[in-house]
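One structure is given here, and the rest of the page talks about it.
Keep in mind that what you see is a predicted model, and the values were worked out from it rather than measured. Starting from 1, each residue takes its place in the sequence as its number.
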Amino acid sequence: MVLVCFVLDLRNIPPSLIGDLKQSFLNLANLHAISSPVDSLADRIGLCYILKDRISGNDQLKFAYTPSGNFCLRDFHHAVNSLPLDAFLPEIDESGGISCRDLKLSSVLCDRAMYSWGGRDIMRKVIVMSSCFPEDMDSEARNTLMTAADKCVSVEFLLLEKIASHLSYTQEKTNRFLRCLSDLDNCSFQTCIPDGKSLRGLENKWLQDLKDDTGESLQAQFIFKRNLVGSVNKIFCNFTAATNQIVDGFTPCQTCRCHGIPVRDSLGVSSDKLQCSVTNHDLGKYDVIESSVKVGERTVLFLPSIDSLQKVHPISSQIDFNVIERTNLTSINEGIIIGRPYIVSPSTCPETEDSSEEMDQPDLNTQIFQGLCGALYSMDQGLVCSSDCNLDTRKVVEFHCYYILQPSENGPMLLRRLAGSEEVLPISSSISQFTGSSIPREIEISVKGALLEIESTDYNPLSHNRGFHQKMNLIVKESLQFGSLHSSLDEATCEENSVVSDPVVPIAQTFPCIINPPIEEETRQVIQITDEEDKATASITKEWEQLVVTEVHMKSSSPVLTTPKPNTNRPFLSPNNKQADMKTSMILERLEAPRKMRGKVGSPNVVATASQTSPDVSVLSQKKPLIPFQTSQVSNHQTIPSSQLMKPSFQRLKRKNK
């Protein structure tokens, strides 16, 4: 990141140009406010100007905005709008041209100003803007620039060329000043014609300096199957973004009067009960500012009213695209095309009140579409359109969105989104350095020969599989080997819900089976229950223990298993009482026979007919086993799922014959 300080020489800049520079500074601040990271909006802009005191005649340096802490958009706008417009007092030399002497660099590059702003690890840059610069540099200014070089501070001199030529600032004077900077590595010189296009490019360039570009530039390499030159088969490159999409609108919010930051709901209970995001104190009606708007992620502005703001909302009807102009397709830079493309085909005309009778003809719209597509294709042109809809988000937005409608030879057209002036990023200086350079002839021949050896085909997306389905199928296959976890959880949830809705159903039939649950570990996880629940738990446990004894007694007289029904008039046990659930489930599992053993003929002790088995019990016995699948071998070589427990075998007492 870079801290940038702008120094305006208002003595030599006319008021008409000051207005354009003001707008550029405001645009820079706006983009900086919405383009900064979420977690920080560091103050990295400084603004000062040089003017001549009309009484004393001395040159003065004044600071309009000094960076401190977080960036304040309101204060910077106020500082820019307060720049004086009557400070234009150029000095005319004998030849009729303007002259410049002191740039007050020592007042900017000092410990009280530039060196004290920001942290130690931050880079600093000073941009001096004027319509003329000194022909010679005195020793004080030179020592100041050399000290700045030792502190890694770069200084850029920006000459407003149009105004300079009007005031007879010749190229000879420019060359003299450049010779003074020739041995200073931290100094650079640039000329600019202060029109709208040039100033917009400077805004984007300054924005790149302000942004924290950590991770913005990516390094990559392209690897070829064959060598390009000699034994080299790869090229190394840097990736930089060509566009930077801005927000679609501003979000209204509520802010606290104590800190001026957005408030949050109190524990998410109600939007009427708000809390300060800093102190967590509850806020009353008069402690909240209703008319606030959030700009970006870290900037909040207070407004008299938010009625003028257009809220972003989803598309509710058909989208309107207003055709602005025709443009040559060869002039469209692919780098400014953003978002996803859309295929455009003719449709039927919807019935509206303002539709004409001619549009009601079924084939007329299709014929016009085909005629438009063919005409544009023959001219190799497209249509630039504007809309208030962002197709990527499917929402009606506050700012204009621009699109290009591209024709095809004999088919549908293609609609693609174009970046606006606020979204285009400048070309890196490293790119412009080699655009005019020449390459050796032998390298050109070698690279071209290597390219001819690469297979040349028309791109077919169907033959370029990304491997999604193969990987997805592999993951699902591995998941099937692990077992069914979510289905078991869903069954448990459904059964717990059935307990609450139908208290008549016995508790023993509503909870999933548990495989040898460790009682001590489960007890540690149970929340402390009340005295009434303890009594209910003890009562139910005692009842089931009695039922087990009763079953043993019944087996002595009857070979058929009948599951007794507990007393439903007992106090109902809530599903949250895990201790009661555990004991109940264990007792049920002792009463329930394994699935395979039930079907075994010849064991009248455990055979139960379908009419004697309730539907709930049958459902309970068919539950899916828990994961992972494990089997255990019994002595008779039968495989029994680990989720089923062996029913205890009660031996009948044989009566002795008297």
Side-chain angles (χ1 to χ4, degrees), residues 2-13 18 21 25 43-68 76 79-80 82-84 87-91 93 98-160 164 169 173-191 206 209-210:
V2 180
L3 190 152
V4 181
C5 178
F6 297 95
V7 181
L8 301 179
D9 187 3
L10 298 184
R11 301 168 302 179
N12 300 313
I13 302 178
I18 291 295
L21 293 177
F25 291 142
D43 203 349
R44 297 195 289 267
I45 304 179
L47 180 62
C48 55
Y49 56 92
I50 305 173
L51 51 75
K52 183 182 293 291
D53 186 86
R54 296 182 180 273
I55 299 177
S56 62
N58 297 328
D59 296 330
Q60 297 179 347
L61 177 69
K62 294 185 177 295
F63 292 89
Y65 183 86
T66 57
S68 59
F76 188 82
V80 172
S82 300
L83 290 176
F88 182 57
L89 293 174
E91 296 182 4
D93 57 13
I98 62 174
S99 62
C100 179
R101 292 176 296 177
D102 189 8
L103 293 176
K104 294 293 182 181
L105 294 178
S106 59
S107 300
V108 178
L109 299 171
C110 63
D111 296 334
R112 299 189 307 272
M114 193 67 179
Y115 299 149
S116 63
W117 297 342
R120 295 183 177 180
D121 299 333
I122 193 172
M123 298 178 60
R124 296 172 175 83
K125 183 177 183 179
V126 177
I127 300 178
V128 183
M129 306 176 66
S130 178
S131 59
C132 68
F133 291 106
E135 300 182 21
D136 195 6
M137 187 175 296
D138 55 14
S139 59
E140 181 182 1
R142 188 173 185 83
N143 293 334
T144 301
L145 294 176
M146 294 178 65
T147 304
D150 297 336
K151 296 181 178 293
C152 299
V153 177
S154 60
V155 181
E156 178 181 325
F157 297 92
L158 181 60
L159 176 64
L160 305 178
Y169 188 76
K173 296 180 179 180
T174 303
N175 295 334
R176 293 176 184 173
F177 182 70
L178 289 176
R179 284 194 291 269
C180 298
L181 304 176
S182 59
D183 58 341
L184 298 175
D185 297 335
N186 64 322
C187 295
S188 61
F189 184 84
Q190 184 179 0
T191 59
W206 296 335
D209 293 336
L210 295 175

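- The closest side-chain heavy-atom distance from V128 to L105 is below 4.5 Å.
- Taking OG1 from T66 and CH2 from W117, the interatomic distance works out to 6.5 Å, rounded to the nearest 0.5 Å.
- Residues V126 and M114 have side chains in contact (heavy-atom distance under 4.5 Å, counting atoms from C-beta outward).
- Looking at D59 and K104, no side-chain N of the basic residue comes within less than 4.0 Å of a carboxylate O on the acidic one, giving no salt bridge.
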Next on the checklist: Between D150 and T147, is the side chain to side chain donor-acceptor pair (under 3.5 Å) condition met? List the steps.
Outcome noted: CA-CA 5 Å; D150 297 336; T147 304; 5.3 Å; no
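- Put simply, the side chain of E156 reaches to within 4.5 Å of the side chain of S188, judged on heavy atoms.
- Formation of a donor-acceptor pair under 3.5 Å by the R44 side chain with backbone atoms of L210 is found in this model.
- For the pair S116 (side chain) and D111 (backbone), a donor-acceptor distance under 3.5 Å is present.
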Is there a side chain to side chain contact (heavy atoms under 4.5 Å, CB included) between S154 and C187? Walk through the geometry before answering.
CA-CA 6 Å; S154 60; C187 295; over 6 Å; no
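- Note that CG of L8 is 7.5 Å distant from SG of C48, once rounded to the nearest 0.5 Å.
- When ring centroids are compared, F177 and F157 come within the 6.0 Å threshold.
- Between L109 atom CG and T144 atom OG1 the span is 6.5 Å, to the nearest 0.5 Å.
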**Asked** Is there a side chain to side chain contact (heavy atoms under 4.5 Å, CB included) between V108 and L103 once you walk through the steps?
**Response** CA-CA 10 Å; V108 178; L103 293 176; over 6 Å; no
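- With contacts defined as side-chain heavy-atom distances shorter than 4.5 Å, the pair I127/C5 does not qualify.
- Residues A79 and A64 share a closest heavy-atom pair of CB-O, 3.4 Å.
- Rounding to the nearest 0.5 Å gives a distance of 11.5 Å between CG of L159 and NZ of K173.
- You'll find the side chain of T174 stays beyond 4.5 Å of the side chain of F133, heavy atoms only.
- Here the closest heavy-atom approach between residue I18 and residue I13 is recorded as CD1-CG2, 3.4 Å.
- D185 places no side-chain N or O within 3.5 Å of a backbone atom of A149 that could act as its donor or acceptor partner.
- The number of heavy atoms from other shown groups lying within 6.0 Å of CD (E140) does not exceed 12.
- The backbone N or O of K151 lies less than 3.5 Å from no partner atom in the side chain of R124, so there is not a single donor-acceptor pair.
- Judged by distance alone, with hydrogens and angles left aside, the side-chain atoms of D43 form a donor-acceptor pair with the main-chain N or O of S68 at under 3.5 Å.
- No hydrogens or angles considered: nothing links the side chains of N12 and S131 as a donor-acceptor pair under 3.5 Å.
- When all heavy atoms of C132 and S130 are compared, the closest pair comes out as O-OG, 2.8 Å.
- Using a 4.5 Å heavy-atom cutoff, the side chains of L10 and K52 are not in contact.
- The two residues R11 and L51 have their closest heavy-atom pair at CG-CA, 3.8 Å.
- For the atom pair F6 CZ and L21 CG, the distance stands at 10.0 Å (nearest 0.5 Å).
- Looking at heavy atoms from C-beta onward, I45 lies out of side-chain contact with F25 at the 4.5 angstrom threshold.
- Between the side chain of K125 and the backbone N or O of V153 there is no donor-acceptor pair closer than 3.5 Å.
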| task | In sequence, state the C-alpha distance, the side-chain angles, and the governing distance for L184 and M146, and then conclude on side chain to side chain contact (heavy atoms under 4.5 Å, CB included). | result | CA-CA 7 Å; L184 298 175; M146 294 178 65; 3.8 Å; yes
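- Atom OG1 of T191 and atom CG of L158 lie 8.0 Å apart (nearest 0.5 Å).
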